[in-house]
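Data block below; observations after.
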Amino acid sequence: TDLDYTRFLNIAENELVEVECPLECDCPSTYPYAMYCHSRNLQHVPFVPSRMKYVYLQNNRIRGITDGVFDNATGLVWIILHMNQLCSDQISDKIFAKLPKLERLFLHHNQLERLPTGLPRSLRDLRANHNAISSVSATALRGLDRLAELRLHTNTIEDLGSALEPLQSLTILDLRGNRLTKVPENLPPRLSQLYLEHNLISMLPAGFLRERPELRFVRLAHNHLTDDGIPPDTFNVTTLLELDLSHNRLEKIPTMSTRLQNLYLQANRIKEFSVSSFCRVVDMANYSNLRVLRLEANKISPHDVSPKALLCLRKATTIYL
């Protein structure tokens with residue numbers, strides 16, 4: 001072996017192990033399974049030695065990934081490729097399909113027009129935000145039933161169709177800053193956090209929260225929601241803890257569950273403070289669990305708040321009007 005390409009790492013006492021490491025990267029003895037190639041002005045992915053599990057390639061000028069660079073490293077667990085110049089047509093088909101242990105794939109801040117094909121079933125965390133992805137095919141996420149986190153924010157996606165249906169383990173879905181006109185269909189059943197800010201959504205599907213009992217955080221700020229676009233009792237679900245409806249076109253406060261803890265309604269067109277939106281019955285035994293309520297930049301003032309509101313919102317620590 002060319003000694004310029006080889007490092008000897010003292011893995012255990014009195015034991016020298018020969019480990020390959022590309023010249024343009026660093027493979028420190030303290031982390032024998034990691035290959036650090038970030039911020040080195042690279043234009044290609046170096047050939048990855050077989051022992052590697054973690055490869056850091058972020059902040060380079062890589063435009064494509066050629067077939068074969070990962071062939072020996074079938075034990076890869078992380079591939080970190082954000083902040084490059086990756087183009088979809090310069091990534092070999094199914095380049096990641098040969099990596100049965102890959103859990104984390106970071107592709108954000110690139111120039112991708114679509115997700116790579118043949119993603120391995122082992123993936124748990126996929127990030128492709130800040131790209132130029134306009135659509136996600138029905139088969140792009142097929143088989144990814146272990147994926148827990150999917151970040152696709154700041155793309156140009158208009159519709160996801162049935163692409164999310166295979167993601168039975170997904171808990172975090174981030175779709176902020178796209179061109180969605182509706183809440184995606186077939187939202188995964190285990191979803192806990194849903195981020196849909198800065199889209200073009202004007203209507204919500206009836207019952208979409210009731211069908212997902214683990215959904216705790218929903219953010220719909222900076223959309224085009226109106227009162228008519230929200231079916232009755234959409235948010236009257238006991239599992240929801242935080243809801244952001246700020247910067248929309250609402251004129252009324254929708255009916256909320258008394259279990260809700262944080263509610264953001266600032267910068268709408270709300271004209272009245274309706275206690276019944278928070279408490280159907282107001283007495284010593286019935287009250288809202290709201291801690292934070294934001295209503296500033298609407299068409300109401302503190303004079304519009306009835307005395308009953310203090311009893312209903314007795315747990316609130318912060319109320320902005």
List the residues meeting side chain to side chain contact (heavy atoms under 4.5 Å, CB included) with [X], not counting sequence neighbours, and say none if there are none.
X	result
Thr66	Val69
Pro120	Phe96, Leu102, Ser122, Leu123
Ser276	Ser274
Ser162	Ala138, Glu165, Asn186

Can you tell if the side chain of [X] reaches within under 4.5 Å of the side chain of [Y], non-hydrogen atoms only?
X	Y	value
Cys37	Leu42	yes
Leu295	Ile253	yes
Lys315	Tyr287	yes

Donor-acceptor pair, [X] side chain versus [Y] backbone, under 3.5 Å?
X	Y	result
Asp26	Tyr36	no
Asp89	Glu113	no
Ser88	Arg114	yes
Asp145	Leu167	no
Asn60	Arg40	yes
Asn131	Asn110	yes
Thr171	Ala148	yes
Ser288	Phe278	no
Asp244	Ser246	yes
Arg63	Gln90	no

Practice task
Among residues two or more places apart or on two chains, list those pairs meeting ring-ring contact (aromatic ring centres under 6.0 Å, His included) that have a residue in residues 290-321.
Solution key: none
Exercise for the section: Please list all pairs passing the disulfide (SG to SG under 2.5 Å) test where one or both residues lie in residues 290-321, with sequence neighbours left out. Expected result: Cys279-Cys312
Practice task
Would you please indicate yes or no on a ring centroid separation below 6.0 angstrom for Phe106 and Tyr56?
Solution key: no
Exercise for the section: Can you sort out the partners of Arg127 under salt bridge (Lys or Arg N to Asp or Glu O under 4.0 Å), two or more places apart, ordered by chain and number? Expected result: Asp125, Glu149
Practice task
With sequence neighbours excluded, tell me which residues meet salt bridge (Lys or Arg N to Asp or Glu O under 4.0 Å) with Glu211.
Solution key: none
Exercise for the section: Measure the CG-CG distance between Asn298 and Asn268 for me, rounded to the nearest 0.5 Å. Expected result: 5.5 Å
Completion exercise
The reported gap from CG in Leu204 to CG in Leu245 (rounded to nearest 0.5 angstrom) is 8.0 Å
Handout entry: Hydrophobic cluster membership, Leu194 vs Tyr264, 4.5 Å side-chain cutoff
Key = no
Exercise for the section: Examine Ile157 and Ile172 and state if one hydrophobic cluster contains both, with Ile, Leu, Val, Met, Phe, Trp and Tyr joined whenever side-chain heavy atoms are less than 4.5 Å apart. Expected result: no
Residue pairs passing the salt bridge (charged side-chain N to carboxylate O under 4.0 Å, His left out) test where at least one lies in [range], sequence neighbours excluded:
range	answer
residues 212-222	Arg219-Glu242
residues 178-192	Lys182-Glu185
residues 261-282	Glu251-Lys271

Handout entry: Ser39 and Asn59 side chains, donor-acceptor separation under 3.5 Å
Key = yes
Fill in the blank from the handout: Here the side chain to side chain donor-acceptor pair (under 3.5 Å) pairs for residues 191-200, sequence neighbours left out, are Gln193-Tyr195
Practice task
Anything under 30° is parallel, anything over 60° is perpendicular, the rest tilted; go ahead and classify His153 against His130.
Solution key: perpendicular
Practice task
Output, in order, the C-alpha distance, side-chain angles, deciding distance and verdict of side chain to side chain contact (heavy atoms under 4.5 Å, CB included) for Leu321 and Phe273.
Solution key: CA-CA 10 Å; Leu321 288 173; Phe273 190 102; 4.3 Å; yes
